[in-house]
Amino acid sequence: LSQQRGRPIGTRPGALAAPLAGRAFDGARPVRSLAIVHAVQAVAALLSVVAMAGDAPLGAVIAPAAVSIGAMAFVRTGYTAIGPGIVRDAREFARSSLAGSTCDSASVLVGPIVATVLLSWRGTAAVYGACALLALVGTVCVARLVPFDRVTPLHDGTVRPSLVRAARS
C-alpha cells in the first residue's frame with residue numbers, strides 16, 4: 001500500500017493479525033466467527049473504495065484497506081479450522097483440500113489479470129470494489145452455514161461444530 005522507511009505498510013496488518021486468527025476459530029462458534037471476519041473484510045474494502053472515489057485523505061484510504069488486508073489472515077485460518085467439521089470422511093477431506101488448493105492456485109493466476117483489467121478500465125477504486133464484492137459473496141456463503149454452527153459432542157468426547165447437514169443442503 002505504501003512505504004515507510006523502506007518497509008511495506010500493507011504487510012503489517014496481516015502479520016499482526018495472524019497469531020490471533022487461530023484463537024478466534026477455536027471457540028464454540030467458528031463459522032459465525034468466519035462470517036463476521038468476511039463481513040469486516042467487505043465493509044473495510046467498501047470504505048476504502050468510498051474514500052478513494054471521494055478523493056479522501058490518504059489515511060482514510062489506507063486505514064480501511066489495512067483492516068481488509070488484516071482480515072485475510074483470519075479468513076484462511078478460518079477455512080482451515082472449519083473444513084474438517086464439514087466433511088464426513090478422509091476421502092471428502094482430501095477432495096475439499098484439493099478444491100481449496102485449486103481455488104487458491106487459480107486466484108494467483110486469475111486475480112492479477114482481473115485486477116489489471118479493472119485498473120486500466122476504471123482505476124484503483126474498481127479493484128478494491130471487486131475485492132469488496134468477493135468478500136461480500138464470501139460473507140453470504142458462510143452466513144448460510146451459521147445456523148448449523150452448533151457445538152455437538154462426538155463419540156470420542158471432543159466437541160466440534162455440526163456442519164455436515166449444512167454442507168449437504
Side-chain angles (χ1 to χ4, degrees), residues 1-2 9-54 56-87 96-97 99-104 106-108 110-112 114-115 118-119 122-152 159-169:
L1 290 172
S2 182
I9 294 173
T11 60
R12 290 184 188 160
L16 295 173
L20 304 173
R23 186 175 178 139
F25 300 105
D26 283 342
R29 311 282 298 215
V31 177
R32 181 175 54 185
S33 298
L34 184 58
I36 290 168
V37 169
H38 268 294
V40 166
Q41 184 181 14
V43 169
L46 186 60
L47 288 173
S48 190
V49 169
V50 169
M52 281 184 227
L58 185 61
V61 174
I62 290 179
V67 170
S68 182
I69 291 168
M72 287 181 201
F74 285 87
V75 169
R76 183 69 179 137
T77 305
Y79 280 114
T80 302
I82 69 168
I86 295 174
V87 298
S96 71
S97 295
S101 64
T102 300
C103 289
D104 285 346
S107 70
V108 169
V110 176
V114 172
L118 288 173
L119 191 60
R122 291 290 184 190
T124 309
V127 175
Y128 270 87
C131 292
L133 179 63
L134 289 173
L136 182 62
V137 168
T139 303
V140 170
C141 291
V142 173
R144 292 185 64 218
L145 297 175
V146 170
F148 300 97
D149 191 15
R150 288 180 237 136
V151 176
T152 56
V159 290
R160 293 195 185 120
S162 175
L163 299 173
V164 175
R165 289 179 303 184
R168 303 291 170 240
S169 61

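The analysis underlying the following values was restricted to heavy atoms, covering all of them including side chains, and did not include hydrogens, waters or symmetry mates. Positions are given from 1 along the sequence.
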Show me the donor-acceptor pairs within less than 3.5 Å that the side chains of residues 56-63 make with the rest of the protein, sequence neighbours left out.
none

For [X], enumerate each residue passing the side chain to side chain contact (heavy atoms under 4.5 Å, CB included) test, keeping only those at least two apart in sequence or located in another chain.
X    : value
V50  : none
V40  : I36, V67
T124 : M52, L119, Y128
V114 : V110, L118

Using atom types as modelled and distance alone, determine if a side-chain donor or acceptor of S68 lies under 3.5 Å from a backbone N or O of P64.
no
Using residues 130-139 as the side-chain source, report each donor-acceptor pair under 3.5 Å to any protein atom, sequence neighbours left out, with the distance given to one decimal.
| unit_1 | atom_1 | unit_2 | atom_2 | d |
| --- | --- | --- | --- | --- |
| T139 | OG1 | H38 | O | 3.2 |
| T139 | OG1 | A39 | N | 3.2 |
| T139 | OG1 | A135 | O | 2.8 |

